[in-house]
2 protein chains.
Amino acid sequence: MAIRRNVAALQPYSPGEQPADGDMIKLNTNENPYPPSPRVQEALARLDPETLRRYPDPACGALRQRIAAVHGVQASRVFVGNGSDEVLALCTRAFVEDGGDVGYFEPSYSLYPVLSDIRGAARRPLPLAAGFAWPVDSGGNWDVPDACVRSLFFFTNPNAPTGMQCPRHHVRTFCERAEGVVVLDEAYVDFAREDGLKLAAELDNVLVTRSLSKSFSLAGLRVGYAIGPARLIEALDKVKDSYNVGVVAQRLAAAALSDMEHMRRNVERIRNTRERLRGELAARGFSVCPSETNFLWVKPAEEPAKQVFDRLRANRILVRYFDGPRTADYVRISVGTDADSDALLAALDRRKA
Amino acid sequence: MAIRRNVAALQPYSPGEQPADGDMIKLNTNENPYPPSPRVQEALARLDPETLRRYPDPACGALRQRIAAVHGVQASRVFVGNGSDEVLALCTRAFVEDGGDVGYFEPSYSLYPVLSDIRGAARRPLPLAAGFAWPVDSGGNWDVPDACVRSLFFFTNPNAPTGMQCPRHHVRTFCERAEGVVVLDEAYVDFAREDGLKLAAELDNVLVTRSLSKSFSLAGLRVGYAIGPARLIEALDKVKDSYNVGVVAQRLAAAALSDMEHMRRNVERIRNTRERLRGELAARGFSVCPSETNFLWVKPAEEPAKQVFDRLRANRILVRYFDGPRTADYVRISVGTDADSDALLAALDRRKA
């Protein structure tokens, strides 16, 4: 009685640790090591607490306009959510029929099966091929059972926790094959070579989701958005909470999106650090997946991954470890500052000494 | 294809107008006319944009502790949401079985049937008696079909849009009768004589929800919470988005809740204005429901309610009008400042002149 059966049975999503101890080097949740744009600070200073008295614009009008301008699309093709996690959850309510399916790659963002369970849908995990490659041949033929692409498929690109990006021409054939809605979860795309906005513009079943948490250094603010066909955006608008994004989040997000240069400069720094760290880890015998994100998915040379995770933690460096058949030999390391990388490498090297 | 059938058919919730024109007297969405506590301003000034870089505490630990301290309950009995609207929506996912029911009084908060539709549940509206009274006799016997109280019932108390409060002993018999979870939606309770926390403490199927939007003057921030049995709170935790409340909202809400005196002073001013306005409207022949909230539910003496709404709007005063068989003869007027009341009364009187 009282608790819904599938909720009682639910294994909830387990977010990365947020230690109260500020002295830890935090390379576990893919946060940006650099502060947000100074315009965010200015918008914060300009915020009159009087404006907090009133309900926010339920449609996030000004912020939608800003996002639309950034991407050169119409505002009717933009949806704003309380973090892209909310957008993903809303997709399961807007696009999955009762008794429907939710598909996703495995391994991928571990929230998807939880969202599927909450919706009461059938989970349709689609295993990645060897080396975490996508199950697609060079001709663009996907090895995908029908059930996976029937109602909603979360296509994380670049993928997490692997960091690898599927080329757009392959993503296109996947979306064309799908019967239902394909959400291209592009939380990390600002760190990558290409993106899927063109697909969201051309195909009537494709939404791209984005986050301000990583490239814009605003994980604490909770703003994400979706871009795609107006018909899909309208459905998200119908099922969202009326005032899903507060006035502070709307204003600060708009300020951040008015300074794309700041974001791009930080992204460039992180990419440089990433490539340097990749080289250093490879030199130490780690196998490192090619990353198009702000993290590295690495398999230690000699030591078991869990032991590396524990040892780093004992050295006040947090990385992420995912238990499970496909992931247990790896750790995911967020790319921080160069100094963070140095500390990480020093801690790794300490074992040899 | 693509859009879920019941979402395609959905009539979404229609929030009150938020005019861009700042010169309007806004008595349509029950906002507080006074600013939030100065401690909110201080917390805003202390916010380092650096903290925005990091994910917020997913458990809202400090804020839960604060809420727990305010109400003298354990933190495990507190849930924090992105506005109480999010808490209500989560209840439909945590406590309503597939094929279940969602009950609510009619008229009441018009969001409930929308939440029921989104969940794909059966709507179980329970009509209020004549004069918007609850269908309960003096012996505490409720005239309630079983279907209404099977899975989830939203019991708004004080009720909106009527403003009336159901005495706690009657609420208790209702909750004892219910098979499912009863959510006592107490968004307006700080303006009332009594509350239902005792019921949430004593009964294993009762949650109380609260909002910082009205009494704390923080509608723009989006923070609400629930208090009740740890077993129900846990279920809400399982189905929420991981980071459902941002760091700014967590900090500012905690600041507001550290200054209960400020809230209580504003509530007292609003109650005084309410009683004065009630007298003035009654003197003009309006029939006015006894209000335990920050709004008045009134039936104009001569003019049709819709016409009063339109005429006030033409005079730059926004109130709320709900079309429908039980509500079409009434308007809902938020209680603003004394000056707002004077402007309202002057606009009403202008017709006579």
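Proteins get letters first, then strands, A, B, ... in listed order; numbering begins at 1 in each.
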Heavy-atom proximity to chain B below 4.5 Å, by part of [X]:
X	result
P15(A)	both
A249(A)	neither
Y13(A)	side chain
F216(A)	neither
S151(A)	neither

Margin query: Whether the side chain of N82(A) engages the backbone of N244(B) through a donor-acceptor N/O pair (distance < 3.5 Å, no angle test) should be reported.
Written below: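 Yes, because the side chain of N82(A) sits within donor-acceptor range (under 3.5 Å) of the backbone of N244(B).
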Using a cut-off of under 4.5 Å for heavy-atom pairs, which of [options] has the most such pairs with chain A?
options	result
G100(B), P49(B), G246(B)	P49(B)
Q11(B), K240(B), K26(B)	K26(B)
K214(B), R5(B), Q41(B)	R5(B)

Would you say [X] and [Y] make side-chain contact, with heavy atoms under 4.5 Å?
X	Y	value
L52(A)	L252(B)	yes
Y55(A)	E31(B)	yes
L47(B)	L44(A)	yes

Margin query: Only pairs of heavy atoms separated by less than 4.5 Å count here; which of P12(A), P38(A), S217(A), A45(A) has the most with chain B?
Written below: S217(A)
Note to self: As an exercise: rank E234(A), E86(A), R119(A) by heavy-atom pairs under 4.5 Å with chain B and give me the winner.
What the structure shows: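 Looking at each of E234(A), E86(A), R119(A) in turn, R119(A) comes out on top.
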Note to self: Minimum heavy-atom separation for P36(B) and R53(A), please, with both atom names.
What the structure shows: CD-CG, 4.2 Å
Check: Hey, mind stepping through V7(A) and R93(B) against side-chain contact (heavy atoms from CB on, under 4.5 Å) and telling me if it holds?
Finding: CA-CA 8 Å; V7(A) 173; R93(B) 299 202 275 284; 5.9 Å; no
Item checked: Per-residue contact mode, V239(B) against chain A (heavy atom under 4.5 angstrom) ->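 V239(B) touches chain A through backbone and side-chain heavy atoms alike.
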Check: Got a second to check how far R222(A)'s CZ is from D241(B)'s CG, nearest 0.5 Å?
Finding: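 Going from CZ on R222(A) over to CG on D241(B), the span is 8.0 Å.
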Next item on the list: Look up atom NZ in K238(B) and atom CD1 in I118(A), then write down how far apart they are to the nearest 0.5 Å.
Entry: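 So the gap between those two atoms works out to 10.0 Å.
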Next item on the list: Let me see the working for D98(A) and R4(B) under side-chain contact (heavy atoms from CB on, under 4.5 Å), right down to the final yes or no.
Entry: CA-CA 8 Å; D98(A) 290 356; R4(B) 193 175 145 209; 3.7 Å; yes
Next item on the list: Starting from the C-alpha separation in whole Å, work towards a yes-or-no answer on side-chain contact (heavy atoms from CB on, under 4.5 Å) for L232(B) and I3(A).
Entry: CA-CA 7 Å; L232(B) 304 184; I3(A) 313 289; 3.7 Å; yes
Next item on the list: Decide side-chain contact (heavy atoms from CB on, under 4.5 Å) for D57(B) and Q18(A); before the verdict, give the C-alpha distance in whole Å, the side-chain angles of both, and the deciding distance to 0.1 Å.
Entry: CA-CA 7 Å; D57(B) 175 2; Q18(A) 294 291 336; 5.8 Å; no
Next item on the list: Check the surroundings of atom CZ in R251(A): do more than 12 heavy atoms from other residues, nucleotides or ligands lie under 6.0 Å from it?
Entry: no
